[in-house]
Every structure is written in C-alpha cells, then in structure tokens.
Amino acid sequence: MLTRLFHAHGLLVASHPWEVIVGTVTLTICMMSMNMFTGNDQICGWNFDCPKTDEQILSSDIIILTITRCIAIIYIYFQFQNLRQLGSKYILGKCVQWFSFNSPYFSTHLTTFTCTGKSDEALPFFLLLIDLSKACALAKFALSSSSQEEVRDNIARGMAVLGPTFTLDALVECLVIGVGTMSGVRQLEIMCGFGCMSVLANYFVFMTFFPACVSLVLELSRESQEGHPIWQLHHFSKALEEEDNKPNPVTQRVKMIMSLGLVMVHAHSRWIAEPQSVNNTAGLPRVAMELSHLSPRRIDPEMPLWHFYLTRMVTMDIEQVICLALALLLAIKYIFFEKVETESTLSIKSPLSTSTTARRATTDSCCRKVPPITGLVTTAPASTQESVTKGDWLSELRPLASVLQLGPGFLSDAEVMLLVSSKHIPAYKLEMALERPERGVSIRRQMISSKLACPSALSSLPYAHYDYSKVMGTCCENVIGYMPVPVGVAGPLHLDGKQFQVPLATTEGCLVASTNRGCRAIALSGGARSCILGDSMTRGPLVRLPSACQAAEVKAWLESTDGFQVVKEAFDSSSRFARLQKLLVALAGRNLYIRFHSQTGDAMGMNMISKGTEQALSQLQQHFPDLQVVALSGNFCTDKKPAAVNWIEGRGKSAVCEATIPARVVREVLKTSTQALVEVNINKNLVGSAMAGSIGGFNAHAANLVTAIYIACGQDPAQSVGSSNCITLMEASGPSGDDLYISCTMPSIELGTVGGGTNLPPQQACLQMLGVQGPCSDCPGENARQLARLVCATVLAGELSLMSALAAGHLVKSHMTHNRSKVDLQSPGTCTQNSS
C-alpha cells in the first residue's frame, strides 16, 4: 500500500519538475514575506536587528559554537566530495546544493514564523543532521536511466524504495529531538524546536524539490548529450535496491515501538502542561514568553538592502569570520585545486579523424579518440602515428600513481588501457571493472585494433547497443563485438497436430527455401508425428586403480544393485533435477571409464551432471580409497566428437519423426517420384555412408538443420557433431505403392531451453517462436523434449526436400539460383582503410 503510494508520488513529482520547483520556491518566498512583514520583533532579517539576551554569553559557549560550525562546514564539504562517486563534480552537486540550502532556509523561516525563537545558533547542528545519503541513493536510481521516461520511472521506483524508510526516520527524529522542547532549558528548547522544524523541512524538500531538480537537470543534460545515457549505474542501482535499501524488519519494529512510546511521552507532557498555559500572557508559548522581555532595536526601515548586509558583514564576530574563511577555503580547494574528473562514464561523442597509417590508436566510429600512449601498446613511429585534428577529444594521461587512486569509472579510455598494460586490471575483466560493459568492449577493441595488420578490420564488426551483462561469465570472454547472422523461417511445420514456425540461422542459400518446401509437403500430407525415445545426458569420467583386478572389482560393484544405489543417492543429492538413470562401465587395463546417464530437466545439463558426477566419485572413493580420479571427462561421454557410443547408447534426447507423403504431393510439390526417392536414399544415405565408414551419418544433411536451429535458439553449435547423428529411411507405401513413407531417427540430440546462450534476448525470441522458452513449470524437461521433437521434424523436412532435388536432378540448378553470390568480391589480401 505505502509502496504504491510513494511510487505514484515519485512519478508525479518527476513528471512535473517545473511545477514542483516553482511551487516550492514560491512557498519559501511567501514565508519570507510573511516573516518580514508580520511585525514579529523576534525575527532577524532585513531592517530588523537580532534580539540580544540579557544573560551573559560565556567564552566557552562561543568556542563550542565555532567548532560546531566548522565541523558542519567540513562535513558538507566531504558530502560533496562523495558526490563525485556518481560521476559528476558539479551537475548533481547543484541539485544537492539546492537541497541542502533550501531545507535549512525553509526551516529557518518556518521556525521564526512559529515563534520558536532565535535559530542562527542552531543552524550548525542542523547541517550536521543533513544526510545526503538518501538524496544520493535517489539520484543513483535516476542516473541509471537511458531515457527521460526511464528517469521518471526510476525516480518513482527509488521513491517507493526510500520513501517509507525516510518517512519513518523523519518521524522518529522529530519525536526524539522534540523531547528537548520539554526540558525547561530555554536554549535547548530553541535548538530542539529548530531541529524538529528542520527535519520536517528536510523531509518536505526531499519528497518534492530534490527529485524534481534531478529529473529536470537530467532532462536538460540529456538534450545536450543527444539523448544518450549520461551515467550507467545499472548494476549499482539494482544492488542498491535489492540489498542496501531493504528495510530491516527488526529495525522497523524497534522504530515503530519507540515512536509510539515517544508519542505517549509527548501527549502526557502536553496534557500536564496544558493547565499552566492559562497563566501565560496572551496564551503565548513558554519559549515566546521567556523571550517577550527582550526589546529589539529597530533599524531605519529606509536603509537599503545592500547597506544592511554590508553593515552586518563589517560587524561580524570572530567566530563568523573563522567560519566564513573556512567555507571559502574549502570552496576554492574544491573548485580550483581538485582535478576535474569529468565524467569518463559520460557518453561523450566526438568525430574521429582517420588516416591511412598502418597502426592507429582506435578505429571505432562510436568510441572516443585515444592518443597514442608510449609504453602502453606498440605504436608506429612518430611520422606514421595518427594525426590529431582540431576538435578531437583528447584525454589527459595522468601519472599511474594518481590513476590508481581513482576508480575505473573516473578514468579516460587511455588511462584504463594504462592500467591494463601495467597489469592492474586484467584485460579479460574490463567489462566487470567498468560501470558499463559496453565501454569495456570498446576499450578492448581499441587495444586490439592497434595490433592488427589491418587496423580497420574491426570497423564492420558491431558491438554497440548490446546487453553484455547477459554474456559476462556465461557465454563469452574477451568480447570485441557480436556476430549478426541472418535468421530465416521455415513453416508452418505441422507436427503432432500443431503448427510451428521454425527459425533457422544460416548463411547458406537454399537451406531455408528447401526446408520450407519440405514443410509444405508435410503439411499437405496431414503433418508429421514424433516421439521421444530417451532423455539422458552423459558424463564419462576416467578413474584409475592400482591394478586391473581392482578395477574389475570396482566395475562389478558399480554394476551391482547395492553399488548403483549408493552412487545414485550421492549423485541425486547434487541437484533438484539431476536423476541418475544408469551407469555404463568400460575397462581398459587398470583404467575404468564410467558413463553416467542422467536426466537434467530443461537444461542441456553438462554443468549439472558434472557436479553430480563429482559427488558420486567422492562417494566412490570412500568405498575404494585406492581409486584415483584422473579426469572428470575421459571422452567416454562423448561430447562434441564423433563416437559410436552416442550412436548406440544415445545422449541427450533420442527422438524419431515420421510422415507419409501421398504420391500426388510427391509429384506436384517435390517434383519427383516415390521410386526415385527410395532408390536414391538406399544407395546414398545407406550404402554410400557405409562405404565411407560413417558413424551416425546415414542422412543427407541433418547437420545443416541442427546447426541452423542451434545458432538461432542459443544452443552450443559445436554439439551439432553428435546431435546430427541421424538415419533417414524411405520406403514405398500405400495401396498402390506410390506413397512415400519417410522417417528420421536421431539418438543423440543435445540441447536445452535454459542456461547458456538461451539467456540472450535474440535467442530467447526464437525459442518463444517455438513456444519452448525457459523451463516448463508443469512438467520439468518438457520444453527441452519438445525442442528435440522440432529439431527431428525439421531435419525430416530438410531431408525430404534435398533428397527430392537430388532425385530430380535439380540440386545444381537451385543452388545456382539461390546460393551464388552476386557481389563482386575484393581480391584477397587487401585492407580497406576507413576514412571519414
């Protein structure tokens, strides 16, 4: 309830920044005007001199107040220094400066308006109460946006996260500080009253003025940055939301209980003090009564404003001089003597000059220009180095010692490369070290380009506008870009009473068109039917015993019921989905090869089954202490290599698909005859493959379809080696023997719908086309099995069409039509230099 309320409030404020800012400033001006013209003699302002008390001011009090003010100024200085962690020295600082100024100024006038007494001595204590962490946290939510709409949404999200906690904190602070207003000590009551008003003003400004300022500043800044994100703090804001800002339930309960207790204390005190208020003159509060004896001296109302403030400055006390001098010194140090770490994470765009040199500092048209750095990378002689044109962006290379003091987010590209060259940042960790993974890829491209024989080689390899956060630690390392591959669609494929549009990622012409013809023939024949024959991923570790006889003893134990049960319990305990089905044990001398077969849910399952295998081997070593694990994979799996064991025993999903094509469809769609197809299939796919000594290759081109689907759907393309095992059978059927019966049997389809490349958005889109993206909630593993059926059925469509083209003699003609390049290629060995 509260979260939705604060979210709506944050969205409203961020969507109407001008209205909120103008309204807040107007309210402050109105209160200033009311204070100025109410005639209250207790107010210090233009044309009013501050009242002086008759009590003696001790020198120790002056020293304490001076020290407190200086501490407050230094505290604010360090708060502003912390803002540099957000990547901005001034822009965000202006927002927080307004936030810091507006709160005490607003609360000062609110305090004097409510007759709580003099507040200038309490102002330093308020500055110590200012907590910019909430403001910075809200700003970080906004700064993680890439568009103004996202800025508003993120401010609303940050307000929903921070609002309830900040509201409770403000309530507790008011109640705690408010206890001092009942102390009976006049000075303490004045300071505590001002503190309560300050907390309320701080809360008001945080909820209205500050988020509006952040939204407006980012909107104006983004316009100057061509709409690109200024800051990239996605991971930080997510961690901030998930960890740092999660309210602690225990703390929240304690605050609530303490708040209720303080409310009771205040209510009780006010109830007791109520009868006494009758005796107060004119019903004024006690603090106002104590100050009523003061007689301020009124200054000439016609005194000009500048004369009033000049007089006040000339007659400043010594502590005021000290505080002003300290503030000025810190301001000068911050502005002029601290290096301007202009936002290296900002999206600074500048055109790149290019030349025809053989070695260049960078070739990316969307990257900032980095000058040659001596000792960083191998550069060409000075005469051949890339020239720097006027207007190019140059980074000032600071000494390594000073560079190491800063985070990578505040460094130029050249300085990051300096850290990589000096081994302070591993090159393969650039994406993790920087706030934006894309920037890490960009810097790596710059470093690689300067070392290539053809520096412009990477100019046509795209890298921008890609979510590398889903790649890091999962799919690829040392990334320099991504490879766009054309994706075609074949279909509709009628399978098991449903229709599917099958995505195929390939650069081979005719493949999609040929498969599409096979799908059409299947659809006109009533569709294909499929069945899963087996579902088990394998891992085959190699273990060694001191002797062959001991190895035989272990083999017998593993093949026994008791031995298998012990290993199974250890294996199954490693995962929710991994379930050991069987063991296949082979012996070679004293070496033992154990092939674990296990279901793996919707995942392809190599990592899952490897983990289970390790658990099982640990249990096995407890029973046979002399057993030595030589390798977790002993090639008895077998993964990504041609192997008869996969063809015979199966690996992954084993599937079969069949269809009966009427004679009319064979003639009209496939342009051949059943007899010709059967003859070609026997002599090519069966006899020809046997003559070649093929293992599992009794098909025309199953690997074509398997690989195309694998690339499109985020599978491991290398596993098409074993997944393409297929035997295609054709025979005449029907009453007249003119119909064609075709089947494809594939015993080792290795795939999954979760993990690996299936986490990338484009690959997920292709899986969604097939209706198998992610895990199956109703029946774990069913999405992966359905994908295996689709692979087998698509192979059947491809086999049907290609075999028909061979039987009809159309293969060369179709490839010359669809697969012959019409682009004149450059002669080998040329290197085209970019020019701009």
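- The existence of a salt bridge linking R789 and E782 is confirmed by a sub-4.0 Å separation between a basic side-chain nitrogen and an acidic carboxylate oxygen.
- The line from CD of Q764 to OG1 of T758 is 6.5 Å long, rounded to the nearest 0.5 Å.
- Taking CD1 of I609 as the start and OG of S536 as the end, the distance is 7.5 Å to the nearest 0.5 Å.
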Check the pair L705, L511 against side-chain contact (heavy atoms from CB on, under 4.5 Å), reporting the backbone distance first and the verdict last.
CA-CA 8 Å; L705 286 311; L511 178 62; 4.1 Å; yes

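- Salt bridge status for E614 with K611: absent, with no side-chain N to carboxylate O gap under 4.0 Å.
- Remark: side-chain polar atoms of D602 are paired, donor with acceptor, to backbone N or O of A784 under 3.5 angstrom.
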Could you walk me through whether V645 and L584 satisfy the side-chain contact (heavy atoms from CB on, under 4.5 Å) test, starting with their C-alpha distance in whole Å, then the side-chain angles of each, then the deciding distance to 0.1 Å, before giving a yes or no?
CA-CA 10 Å; V645 68; L584 180 65; 4.3 Å; yes

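- Contact of the T660 side chain with the S525 side chain is not registered, since no non-hydrogen atoms from C-beta on lie closer than 4.5 Å.
- Within 6.0 Å of CZ in R520 there are 12 or fewer heavy atoms belonging to other residues, nucleotides or ligands.
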Derivation and outcome, side chain to side chain donor-acceptor pair (under 3.5 Å), residues S801 and S514:
CA-CA 6 Å; S801 183; S514 176; 2.7 Å; yes

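- Here the side chains of V471 and Y482 are not in contact, with every heavy-atom distance at 4.5 Å or above.
- Of the possible polar contacts, none joining the Q499 side chain to the A523 backbone as a donor-acceptor pair under 3.5 Å is found.
- Here the side chain of Q628 pairs no donor or acceptor atom with the backbone of V543 at under 3.5 angstrom.
- In this structure the side chain of V567 never reaches within 4.5 angstrom of the side chain of Q619, judged on heavy atoms.
- For the atom pair CG of N759 and CD of Q773, the computed distance is 8.5 Å after rounding to the nearest 0.5 Å.
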With side chain to side chain donor-acceptor pair (under 3.5 Å) as the criterion, how do D496 and S530 come out once you've worked through the C-alpha distance, each side chain's angles and the decisive distance to 0.1 Å?
CA-CA 7 Å; D496 299 327; S530 65; 2.6 Å; yes

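- Residue S450 holds its OG atom at 13.0 Å from CZ of R445, rounded to the nearest 0.5 Å.
- With contacts defined as side-chain heavy-atom distances shorter than 4.5 Å, the pair Q719/M606 qualifies.
- Between F698 and W647, the two ring planes are tilted [angle within 30° to 60°].
- Side chains of N685 and T728: no donor on one and acceptor on the other come within 3.5 Å.
- No side-chain donor-acceptor contact under 3.5 Å links R590 to the backbone of R544.
- The two residues C766 and P503 come nearest to each other via the heavy atoms CB-CG, 3.7 Å.
- A salt bridge links R444 with E431: the distance from a Lys NZ or Arg NE/NH1/NH2 to an Asp or Glu carboxylate oxygen falls below 4.0 Å.
- Atom NZ of K641 has more than 12 neighbouring heavy atoms from other residues, nucleotides or ligands inside a 6.0 Å radius.
- Without hydrogens or angle criteria, S723 side chain to E750 main chain gives a donor-acceptor distance under 3.5 Å.
- The closest donor-acceptor contact from the side chain of Q621 to the backbone of L627 lies under 3.5 Å.
- In terms of modelled atom types and a separation under 3.5 Å, the side chain of T538 and the main chain of C637 share a donor-acceptor contact.
- The environment of CG in N683 is crowded: more than 12 heavy-atom neighbours from other residues, nucleotides or ligands sit within 6.0 Å.
- Residue Q501 qualifies as enclosed at atom CD: its count of foreign heavy atoms under 6.0 Å is above 12.
- Using a 4.5 Å cut-off on side-chain heavy atoms (C-beta onward), V656 and C792 make no contact.
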Are N699 and V795 close enough, and set up right, to give a side-chain contact (heavy atoms from CB on, under 4.5 Å), and what steps lead you there?
CA-CA 9 Å; N699 57 81; V795 167; 6.0 Å; no

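- In this model, no donor atom of one side chain and acceptor atom of the other lie less than 3.5 Å apart for E438 and Y463.
- A distance-only check finds a donor-acceptor pair linking the side chain of R595 to the backbone of F636 [under 3.5 Å].
- With salt bridges taken as basic N to acidic carboxylate O contacts below 4.0 Å, one links R651 and D639.
- Exactly one of L770, L504, V791 qualifies for a side-chain contact (heavy atoms from CB on, under 4.5 Å) with C713. That residue is L770.
- Between C776 and N783 the shortest heavy-atom distance is N-ND2, 3.5 Å.
- At least one side-chain heavy atom of V666 sits less than 4.5 Å from a side-chain heavy atom of T672.
- Listed for the N681 side chain is no donor-acceptor partner under 3.5 Å among the backbone atoms of V678.
- Under the 3.5 Å distance criterion, the side-chain polar atoms of S689 are matched with a main-chain donor or acceptor of G697.
- Side-chain contact between T506 and I711 is absent, with no heavy atoms from C-beta onward closer than 4.5 Å.
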Start with the C-alpha gap between M483 and V485, add the side-chain angles, then the distance that decides, and say whether side-chain contact (heavy atoms from CB on, under 4.5 Å) holds.
CA-CA 6 Å; M483 182 61 64; V485 179; 4.1 Å; yes

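- With a 4.5 Å cut-off on side-chain heavy atoms, L686 and L729 count as touching.
- In this structure, CG on L760 lies 11.0 Å from OH on Y468, to the nearest 0.5 angstrom.
- Taken to the nearest 0.5 Å, the OG1 atom of T600 stands 5.5 Å off from the CE atom of M608.
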